[in-house]
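Written below as C-alpha cells is the structure these notes are about.
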Number of protein chains: 2
Amino acid sequence: MTLKVQAAESRIEQLCIEHGLKMTGQRRVIARVLSEADDHPDVEELYRRALVLDSRISVATVYRTVRLLEEKGILERRDFGGGRARYEATEHGRHHYHLIDVDNGKVIEFEDPEHEAFMMKVADRLGFEFVSMRLELFGKKRQPASKAPGKTTPRSRRKGDQT
Amino acid sequence: MTLKVQAAESRIEQLCIEHGLKMTGQRRVIARVLSEADDHPDVEELYRRALVLDSRISVATVYRTVRLLEEKGILERRDFGGGRARYEATEHGRHHYHLIDVDNGKVIEFEDPEHEAFMMKVADRLGFEFVSMRLELFGKKRQPASKAPGKTTPRSRRKGDQT
DNA sequence: CTACGTGCAAAAATTTTGCTTACCG
DNA sequence: CGGTAAGCAAAATTTTTGCACGTAG
C-alpha cells in the first residue's frame, strides 16, 4: 500500500492558488505554517516555524510573503501592542475579535455574529465596500481578591509575548 | 488692560496634572500639540508640530512622552497600516471609530454610541475591566463609475499618509 | 524560456537607551 | 536640594531592498 505523503494542499495554499499566485516551495511552507497556526504569530515566529519544515527559507521571504498575502486579503495584520505585527488568516463572514490583557499581553478571542454585519452596514452607509476590520479590546483581569497590582512590565522589546 | 498670554492649560495638560505627572516645558508643549490635533499624528508629525512651539525639543522626548501618556490612558495608539504608530487623545465614554480607505489611506471617523457600552459588557462578561478599545474598518470607496482601478501604491515607507 | 521569487547582506526606518546636564516641586 | 526629565547620539529592532541566481508555469 502506498502512503499519501503530505500531498494535501493547506487551506491557505488553496487560497493562494485561487488568487493566481505562483506557488513556490517557500510559499507552500509558509502557507502551511499559517494554516496550522491557531494563534497570532509575528514574522519572527512564522520564520521559526517555517525553518522547521524547510531550512532554506529566509526571513526576507517571510516578510515578502505576508505582505503579499495581506494585500490579497488572505491574511490580516494585527497589532496587539508588542511592537511587532502579528498575522492570522482571514475568516470571511465570521470575524472574531481580540481582548488583550494589558497586564500580560495574553489574547482572548471572542465572537459576535451580529457585529460584522453591522460593520458592513456602516461601511455601506459611508459609501464604502467592506474589505476587512479589526476590533481590539484592552482590559485588566477583574477579581482583585488577593495580591497587590505589581508593576510587572519589563520595559524593553519583549520578545516572547503571548498568543 | 493686561492680556492673558496663553496662560490656559491645554486639556491634555490638565489630564497630566490630574495624573500627577511632573509638567516640564516640553510636556506642556507636546500636551498642547496633542490637544489641538484633530487628526491622528504619528511621532514624527508630533515632533514637527512641537518644534514650531519650542525649538529645543528632541524626538526622544516625544517618544518618551507618548509612551507615558499611553500608559496613563491619556492617549491611544492607532495603527492605520502605514507602519508608524499614530496617536489621539482618549475620549472616555465617547469612542469614535475609524474607516480607512485602503486605496489612499484616508481616515474617516464615525461613531456608534451603543458600541462602547456593548464592548464594556463583553469585557465584563469575560471577567475583565474595560480599559480601552480600537475598531478599525477597512474599505474601498464604492461607485466605480469611471476610471480603471489604478495600482496607486508606491511600495515603500510612505512618509505622508493622510489624516 | 521568461517573468517572477528567493537568499543574502546591506540599508532604511522606527523606537529605545545610556549618560550628562537641566529643572520641577 | 533630590529625583525625575531632556538632549544627543549611539544602539537595538523591525522591515525593506539591490542584485545575482533559481524556478514555476
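Residue numbering restarts at 1 for every chain, and letters A, B, ... go by the order of the sequence lines. Predicted model only: the values in this text are computed from it and were never measured. Heavy-atom basis, side chains included; hydrogens, waters and symmetry copies ignored.
- Between dT13(D) and Arg84(A), no contact under 4.0 Å exists linking OP1 or OP2 to a side-chain N or O.
- In this entry the distance linking CZ of Arg77(B) with P of dT15(C) reads 9 Å, nearest Å.
- Here the OG-CG distance, from Ser58(B) to Leu51(B), works out to 9.5 Å after rounding to the nearest 0.5 Å.
- Separating the CG atom of Leu68(A) from the P atom of dT17(D) is a distance of 14 Å, rounded to the nearest angstrom.
- The pair Lys140(B)-Glu129(A) does not meet the salt-bridge criterion, since no charged nitrogen lies less than 4.0 angstrom from a carboxylate oxygen.
- Distance from the side chain of Lys22(B) is smallest to dG25(C) among dT15(C), dG25(C), dT14(D).
- Within residues 55-66 of chain B, the residues approached by DNA chain D to less than 4.0 Å at the level of any non-hydrogen atom are Arg56(B), Ile57(B), Ser58(B), Ala60(B), Thr61(B), Arg64(B), in residue-number order.
- Between Ala85(B) and Arg28(B), the one whose closest nucleotide on DNA chain C sits nearer the 5' end is Ala85(B).
- Side-chain nitrogen and oxygen atoms of Gln26(B) include none within less than 4.0 Å of the OP1 or OP2 phosphate oxygen of dA22(C).
- Helix bend of the helix from dC1(C)-dG25(D) to dG25(C)-dC1(D): the angle between its two end axes, each built from five pairs, comes to 50° after rounding to 10°.
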Distance-only donor-acceptor hits, side chain of residues 112-128 of chain B, under 3.5 Å, sequence neighbours excluded:
| residue | atom | partner | partner atom | Å |
| --- | --- | --- | --- | --- |
| Asp112(B) | OD2 | His115(B) | N | 3.4 |
| His115(B) | ND1 | Tyr97(B) | OH | 3.2 |
| His115(B) | NE2 | His115(A) | NE2 | 2.5 |
| Glu116(B) | OE1 | Arg94(B) | N | 3.3 |
| Glu116(B) | OE1 | His95(B) | N | 3.4 |
| Asp124(B) | OD1 | Arg142(A) | NH2 | 3.0 |

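- Using a 4.0 Å cut-off between a side-chain N of Lys or Arg and a carboxylate O of Asp or Glu, Asp54(B) and Arg56(B) qualify as a salt bridge.
- Separating the CG atom of Leu21(A) from the P atom of dT6(C) is a distance of 10 Å, rounded to the nearest angstrom.
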Evaluate the criterion side chain to side chain contact (heavy atoms under 4.5 Å, CB included) for residue pair His98(B) and Glu88(B); output intermediate values, then yes/no.
-> CA-CA 12 Å; His98(B) 303 98; Glu88(B) 72 179 317; 2.8 Å; yes

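- Under 3.5 Å, the side chains of Glu71(B) and His19(B) contain no donor-acceptor pair of N or O atoms.
- Test Leu68(A), Thr61(A), Ile57(A) against Arg27(A) for side chain to side chain contact (heavy atoms under 4.5 Å, CB included) and you get one pass: Leu68(A).
- A sub-4.0 Å separation between OP1 or OP2 of dT6(C) and a side-chain N or O of Thr24(A) is present.
- Hydrophobic clustering (side-chain heavy atoms under 4.5 Å, transitive across Ile, Leu, Val, Met, Phe, Trp, Tyr) groups Leu15(A) together with Leu46(A).
- Salt-bridge formation is detected for the pair Glu45(B)/Arg48(B): a Lys NZ or Arg NE/NH1/NH2 atom is positioned less than 4.0 Å from an Asp or Glu carboxylate oxygen.
- Here dG5(C) presents its C1' atom at 19 Å from NE2 of His19(A), a figure rounded to the nearest Å.
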